[in-house]
Amino acid sequence: MDDNVTTYTTYKGVRIDDTAEWRLVIYISETGMSAYLKNVENPLEPLATLFEERWQRDETSLLHNIETCVYDHPQLLDDFSTEIVMCSPRAMWVPEEMATDYEEQANLYNKVYKAEEGDIFCDTLSGMCCLYTLTPGLPAFLRRTLSGARVSCHLSVLVRRFISRGSEMPRVYADIREGEVDFVVLDDRRLLMSSTQRWHDKMDIAYHIFNIMDVYCLDPKNTQVSLSGEREVKQALVKTLREQIAYVMLTMMPSAVSKTEMPIAAAIALSH
């Protein structure tokens with residue numbers, strides 16, 4: 001997609017008799033925002049896509065775009081069980097004991113990225129904290145408009161799902177989208193690393209995978225690499241990686257994502 005083009009879908013509210021029966025997931029990134037509804041009481045009810053909007057990557061207008069999107073789609077403000085998945089390329093993991101309060105979190109985060117204390121989100125799982133931001137002023141806006149929503153980094157959502165599976169074999173997960181790839185690396189239920197990297201050619205992704213395996217001393221004969229995301233890229237990578245890695249496969253997707261272009265983190269949030 002041309003980064004200079006902003007696209008919008010026509011807003012269509014979904015008729016809901018009882019909001020308690022539905023889960024709402026809102027996915028926010030630097031380049032767009034989308035929202036999905038799933039009936040948790042009736043699995044036969046089709047997944048509803050409220051909207052999918054894209055905009056130009058521009059830090060100065062990002063908060064305004066998000067605010068406008070929320071106000072243009074008033075059904076987001078209904079009394080749903082809501083999870084917001086924040087796709088942040090500026091996420092970092094630290095031991096939980098090193099980030100016990102907001103000041104410590106801000107000090108650690110600002111060693112790598114720059115953000116005000118009040119703009120930093122923190123997810124905690126498996127003894128680790130994921131610190132992340134998207135744009136200044138966003139936490140305050142979400143507290144005003146979607147105060148009951150649970151906010152999670154997209155990497156936290158991926159880690160939570162993949163770590164729950166467990167395995168005797170170390171695993172490298174790579175989720176590929178336009179220009180970026182998310183990595184989650186696990187040894188059984190122990191998180192080794194998780195980050196977002198840029199890519200321009202599929203061999204950039206292969207390089208990252210081989211570098212990760214080298215850094216963490218993962219044996220190509222005894223490590224599972226699972227790929228998800230952009231179809232053509234992951235299928236080409238399967239062939240390339242299998243030349244040197246014994247176990248390369250496509251990641252099993254939640255049913256919600258298998259029939260849509262929904263981001264995997266949003267689908268996982270809907271399915272739990």
Side-chain angles (χ1 to χ4, degrees), residues 1-9 25 27-36 46-47 49 51-57 85-91 153-155 157-159 161-162 165 167 169-186 193-215 218 220-221 223-271:
M1 185 196 74
D2 185 343
D3 276 349
N4 293 317
V5 174
T6 301
T7 63
Y8 300 93
T9 56
V25 168
Y27 185 85
I28 307 174
S29 74
E30 291 182 322
T31 57
M33 186 169 168
S34 51
Y36 311 92
L47 176 74
T49 300
F51 63 88
E52 293 176 325
E53 298 194 1
R54 300 292 300 274
W55 49 65
Q56 181 181 355
R57 190 188 303 269
V85 178
M86 201 83 64
C87 183
S88 169
R90 298 179 297 280
C153 180
H154 72 297
L155 290 179
V157 174
L158 297 181
V159 170
R161 165 58 68 93
F162 296 146
R165 296 177 175 179
S167 174
M169 186 181 296
R171 291 161 289 156
V172 177
Y173 293 93
D175 183 54
I176 306 159
R177 58 182 178 276
E178 184 179 353
E180 292 181 338
V181 53
D182 298 318
F183 291 105
V184 174
V185 184
L186 302 170
M193 66 86 72
S194 179
S195 68
T196 300
Q197 303 293 333
R198 299 287 297 172
W199 67 275
H200 300 283
D201 181 88
K202 70 177 187 297
M203 293 310 297
D204 296 338
I205 301 172
Y207 167 80
H208 284 305
I209 291 172
F210 288 125
N211 184 59
I212 287 169
M213 295 181 67
D214 183 57
V215 168
L218 302 180
K221 297 179 181 179
T223 297
Q224 174 184 306
V225 174
S226 295
L227 306 174
S228 59
E230 292 200 1
R231 183 182 302 275
E232 293 184 4
V233 178
K234 69 184 180 184
Q235 289 178 340
L237 275 173
V238 166
K239 297 179 181 179
T240 299
L241 296 173
R242 279 179 176 168
E243 295 175 3
Q244 300 183 54
I245 300 172
Y247 303 96
V248 181
M249 59 203 67
L250 302 182
T251 306
M252 292 184 62
M253 296 289 98
S255 58
V257 79
S258 63
K259 301 175 183 178
T260 71
E261 297 301 318
M262 184 190 310
I264 182 175
I268 289 171
L270 273 175
S271 64

Enquirer: Taking atom OG1 of T196 and atom NE2 of H154, what is their separation to the nearest 0.5 Å?
Expert: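 T196 OG1 to H154 NE2: 3.5 Å, rounded to 0.5 Å.
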Enquirer: Rounded to the nearest 0.5 Å, what separates atom OH in Y173 from atom CZ in R161?
Expert: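 Taking OH in Y173 and CZ in R161, the distance rounds to 10.0 Å.
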Enquirer: Is there a side-chain contact between L237 and V225 (heavy atoms, below 4.5 Å)?
Expert: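 Sidechains of V225 and L237: no contact.
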Enquirer: How close do A265 and V85 get, heavy atom to heavy atom, and via which atoms?
Expert: CB-CG1, 3.9 Å
Enquirer: Rounded to the nearest 0.5 Å, how far apart are CG of D214 and OH of Y207?
Expert: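 If we round to the nearest 0.5 Å, D214:CG and Y207:OH are 9.0 Å apart.
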Enquirer: With a 4.5 Å cut-off on side-chain heavy atoms, are E180 and Q197 touching?
Expert: no
Enquirer: Is there a side-chain contact between D204 and D201 in this structure, where contact means two heavy atoms from C-beta onward sitting under 4.5 Å apart?
Expert: yes
Enquirer: Got M262 and T49 here, is their nearest side-chain heavy-atom distance under 4.5 Å?
Expert: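 The answer is no; the side chains never approach within 4.5 Å.
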Enquirer: After noting the C-alpha distance and the side-chain angles of I245 and I209, does the key distance pass the side-chain contact (heavy atoms from CB on, under 4.5 Å) rule?
Expert: CA-CA 10 Å; I245 300 172; I209 291 172; 4.3 Å; yes
Enquirer: What's the separation between atom CD in Q235 and atom CD in E230, rounded to the nearest 0.5 Å?
Expert: 11.5 Å
Enquirer: Is it the case that more than 12 heavy atoms not belonging to F210 sit under 6.0 Å from its CZ atom?
Expert: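 More than 12 within 6.0 Å, yes.
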Enquirer: Say you draw a straight line from SG of C87 to CD1 of I28; how long is it, rounded to the nearest 0.5 Å?
Expert: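 Answer rounded to 0.5 Å: 10.5 Å.
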Enquirer: Closest approach of A91 and L155, non-hydrogen atoms and distance?
Expert: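 Scanning both residues completely, I find the closest heavy atoms to be CB-CD1, 3.9 Å.
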Enquirer: Does K234 reach the side chain of V238, with side-chain heavy atoms less than 4.5 Å apart?
Expert: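 In short, these two side chains do not touch, never coming nearer than 4.5 Å.
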Enquirer: Looking at every heavy atom in both D175 and G229, which two are closest together, and how far apart are they?
Expert: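 Shortest heavy-atom separation between D175 and G229 comes out as OD1-N, 3.5 Å.
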Enquirer: Do you know which two heavy atoms are closest between H208 and R198, and how far apart they sit?
Expert: NE2-O, 3.5 Å
Enquirer: Quick one: does L227's side chain get under 4.5 Å of L241's, heavy atoms only?
Expert: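 Heavy-atom side-chain distance check passes, below 4.5 Å.
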Enquirer: Report yes if some heavy atom in the side chain of R171 is under 4.5 Å from a heavy atom in the side chain of S226; otherwise report no.
Expert: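 No, too far: nothing below the 4.5 Å cut-off.
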Enquirer: Would you mind checking if D182 and R177 are paired as a salt bridge, meaning a charged N to carboxylate O distance below 4.0 Å?
Expert: yes
Enquirer: For E30, is there an ion pair with R90 - N to carboxylate O distance below 4.0 angstrom?
Expert: yes
Enquirer: With a 4.5 Å heavy-atom cut-off, do M33 and W55 have their side chains touching?
Expert: yes
Enquirer: If you measure from CG on L270 to OH on Y36, what distance do you get to the nearest 0.5 Å?
Expert: 8.5 Å
